Each structure stands twice: as structure tokens, then as C-alpha cells.
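Here's the structure, in C-alpha cells; my notes come after.
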Amino acid sequence: MKKIIFFVTLFIFSMTAFAQESENIKFLGNKFTKPQNFSEFINLLDFEIEAGPGMYINTESKTVSAPSPIIYPVTMGFLWPNNTFLAVQPSMSFFMMNHLWYNNKALPAEIENRTSTTLSFMFTLPAVISIYMGKTRLQLMPGISILTRFAFLANNINADDSGFSGSATSDIANINGWFWNNARFFYLSSGISFLYNIYNDIKIGPEINLHIPLVPLVTGEGLQGTIISIGMKISL
């Protein structure tokens, strides 16, 4: 919680910088021109890195699963083109979770009750709408995401240990299958960031992202699996 408060505070400071630069308005950036060679293409590309805490929303009973766990996604991607009103920003985030299998569902688990360690890769393709004000850049990022997850036996869990479906091995198989059932991997994403140019083309600032699973929202699972993250973003 302290880390989330810290990043929110930084976010507010960046908004203040945004207001202070308002006299240097350049709202829409540059007009897009097609690159004539590979060098020009690279010059229009920014490498993006983001890290910070997030929360995986768990709406299931806390008597059998964990409270909404805090996760620590690390994100890398690129923005192209880097100086226009509209752009794209493909990215990949990585984080880890623990899961258990209960009542035909893969649920977040506390470490003492976990069956699996789960590697999670979030691939996101947002459109980026940028508003330029002096050295500050406001970015709005609606898009779609694919959450790819791989569960395997957690440390100190044996294949023949008992599980809800019979054994730990069968629980792992069920967990992995559940990740892909009913298109639970498909997310709608949105984000907002404030980037401040600190030196040459180096920019830094806070970013807030929201990922909502589309199909579970429609089929009655509600906000289960929603991911909210707050982090610092560096653009090079």
C-alpha cells in the first residue's frame, strides 16, 4: 500500500509539471511523414520500460483463496511513431502469481496454500493518443491485451500430493486449462501516463493501467481477474 501511495504522489507531481508547461502548447505533435529509410524509422521509435506495483482483483471467497494479491509487473515495449498525435505501443508485461484449484476454478492462493507457481505474460497493443504541452506529454492508451499464463508445481509441492481434483498434478492441468477456457485470456486495456522530458529524448513519469477481462465480465464472473497497476515509466 505504501508503494501505491508513493506512485500516486509522483503522479500528482507530474500533473503539476503538466500544468506549469501549459504556456508551451503543442497539442497534436508533428504531422506524420513516412520514413524514407531504416534510420528514419528507428529515429521515430522510443523504447519504453515500466515497473511498479499492481493488484489482481479476486472476487471469490477469501476462505478458500487469497485476498486480491499484489503483483509486480515489469513492462517493456516501444512507441512508434514517437512525435505524433496517434501512435501504437506494443508491449509485454511479466509477473508471477500463486494459484490453487477449487470448485472448477483456478483461484489466487496465498503461499502456504498454493499448488502452482504461475508465470504470467501480458501482451498489449494499445493505440496511443498523445497531447504535447512543452516538455510534458499526456498519453491516453486504449487497447486490447492477451494474458498468457503457465502454471507448474510450486516449490515443495510433489506431483502425487493430494489436490482438489485428486492430485497436485491433475490440479495443475486443470488450472492451465481454466486459463484458456471461455477466452479468459482476452482483456480490454486502458492507460494514462504523464511523461516529462528530463534530458534530450529521455522521458520519465507515472503511468496507471487497467486491464479488464472481457468474456468473464459478460458471463457473470464480474471483475474477477481485473488488473490495476501503477508504475513509473521511462521512455528512451
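One is the number of the first residue; the rest follow in order along the sequence. All of these numbers come straight from a predicted model, not from anything done at the bench.
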* Asked: Which residue pairs pass the side chain to side chain donor-acceptor pair (under 3.5 Å) test with at least one member in residues 153-166, sequence neighbours excluded?
  -> S165-S170, S165-D171, S165-N174
* **Flag, side chain of D46 to backbone of W80, donor-acceptor distance under 3.5 Å** => no
* To do: Check for a donor-acceptor pair, side chain of K203 on one end and backbone N or O of D201 on the other, with a separation under 3.5 Å.
  => yes
* Given Y102 and F164, is the ring-ring contact (aromatic ring centres under 6.0 Å, His included) satisfied, shown in steps? -> CA-CA 6 Å; Y102 178 80; F164 187 84; 5.0 Å; yes
* Which word best sums up how the rings of F179 and H99 line up, parallel for under 30°, tilted for 30 to 60°, or perpendicular for over 60°? -> perpendicular
* **Donor-acceptor contact below 3.5 Å, side chain Y187 vs main chain M122** => no
* Asked: More than 12 non-hydrogen atoms from neighbouring residues, nucleotides or ligands closer than 6.0 Å to CD1 on I111, yes or no?
  -> no
* To do: Working to the nearest 0.5 Å, report the span between CG of L210 and CD1 of I192.
  => 12.0 Å
* Structure fact -> Minimal heavy-atom distance between P73 and P53, with the atoms involved, is CD-C, 4.5 Å
* Criterion side-chain contact (heavy atoms from CB on, under 4.5 Å) on V128 and L86, from CA distance to verdict -> CA-CA 6 Å; V128 180; L86 292 175; over 6 Å; no
* Of all residues at least two apart in sequence or in a different chain, which pass the side chain to side chain contact (heavy atoms under 4.5 Å, CB included) check with I234? -> I204, L236
* Asked: Quick one: do the E60 and N103 side chains pair a donor with an acceptor below 3.5 Å?
  -> no
* Does the side-chain contact (heavy atoms from CB on, under 4.5 Å) test come out yes or no for I227 and I71, once each step is laid out? -> CA-CA 9 Å; I227 299 172; I71 58 175; 3.9 Å; yes
* OH on Y72 to OG on S229, rounded to 0.5 Å -> 13.0 Å
* Asked: At their closest point, which heavy atom of A168 faces which heavy atom of I157, and how far apart are they?
  -> CB-CG2, 3.9 Å
* Indicate whether any N or O donor in one side chain lies under 3.5 Å from an N or O acceptor in the other, for T118 and S116. => yes
* Spacing of CG belonging to L45 relative to CG belonging to L79, to within rounding of 0.5 Å -> 7.5 Å
* **Residue pair N176 / A151: nearest heavy atoms and the distance that separates them** => OD1-N, 2.8 Å
* **In one Ile/Leu/Val/Met/Phe/Trp/Tyr side-chain cluster, 4.5 Å: I131, I208** => yes
* Going through the checks in order, is the side-chain hydrogen bond (donor to acceptor under 3.5 Å, both in side chains) test met by N58 and S68? -> CA-CA 5 Å; N58 179 27; S68 298; 5.8 Å; no
* Do S190 and M141 come within less than 4.5 Å of each other through their side chains, counting heavy atoms only? -> no
* Can you name the closest pair of heavy atoms from A154 and R114 and give their distance? -> CB-NE, 3.2 Å
* If Ile, Leu, Val, Met, Phe, Trp and Tyr residues are connected whenever their side-chain heavy atoms lie under 4.5 Å apart, and connections chain through other members, are F150 and I175 in the same group? -> no
* Same cluster (ILVMFWY, side-chain, under 4.5 Å), F185 and L119 -> no
* Asked: So, S167 and T169: side-chain donor and acceptor under 3.5 Å apart, yes or no?
  -> no
* Is a side-chain N or O of N82 found less than 3.5 angstrom from the main chain of N43, in a donor-acceptor match? -> yes
* **Main-chain N/O of W178 paired with R184 side-chain donor or acceptor, under 3.5 Å** => yes
* Asked: Are L147 and I212 linked, directly or through other ILVMFWY residues, by side chains that come within less than 4.5 angstrom of each other?
  -> no
* Is P108 close to Q224 at the side-chain level, that is, under 4.5 Å between some pair of heavy atoms? -> yes
* Asked: Between E50 and N209, is a side-chain contact (heavy atoms from CB on, under 4.5 Å) present by the stated rule, with each step listed?
  -> CA-CA 11 Å; E50 181 199 344; N209 289 298; 3.3 Å; yes
* **Transitive ILVMFWY side-chain link V64 to W101, under 4.5 Å** => yes
* Report yes or no: does Q139 contribute a side-chain atom to a donor-acceptor pair with the main-chain N or O of R137 at less than 3.5 Å? => no
* Under the 3.5 angstrom rule, does the side chain of N200 hit a backbone N or O of I202 as a donor-acceptor pair? -> no
* Which value, rounded to the nearest 0.5 Å, describes the distance between I230 atom CD1 and E207 atom CD? -> 11.0 Å
* Nearest-0.5 Å distance, CD1 of residue I42 to CZ of residue F47 -> 12.5 Å
* **Derivation of the side-chain contact (heavy atoms from CB on, under 4.5 Å) call for I144 and F123** => CA-CA 9 Å; I144 59 173; F123 299 92; over 6 Å; no
* 4.5 Å side-chain heavy-atom contact, L100 and E110 -> no
What side-chain donor-acceptor pairs closer than 3.5 Å can you find for residues 87-98, not counting sequence neighbours?
unit_1 : atom_1 : unit_2 : atom_2 : d
Q89    : OE1    : K233   : NZ     : 3.1
S93    : OG     : T75    : OG1    : 2.5

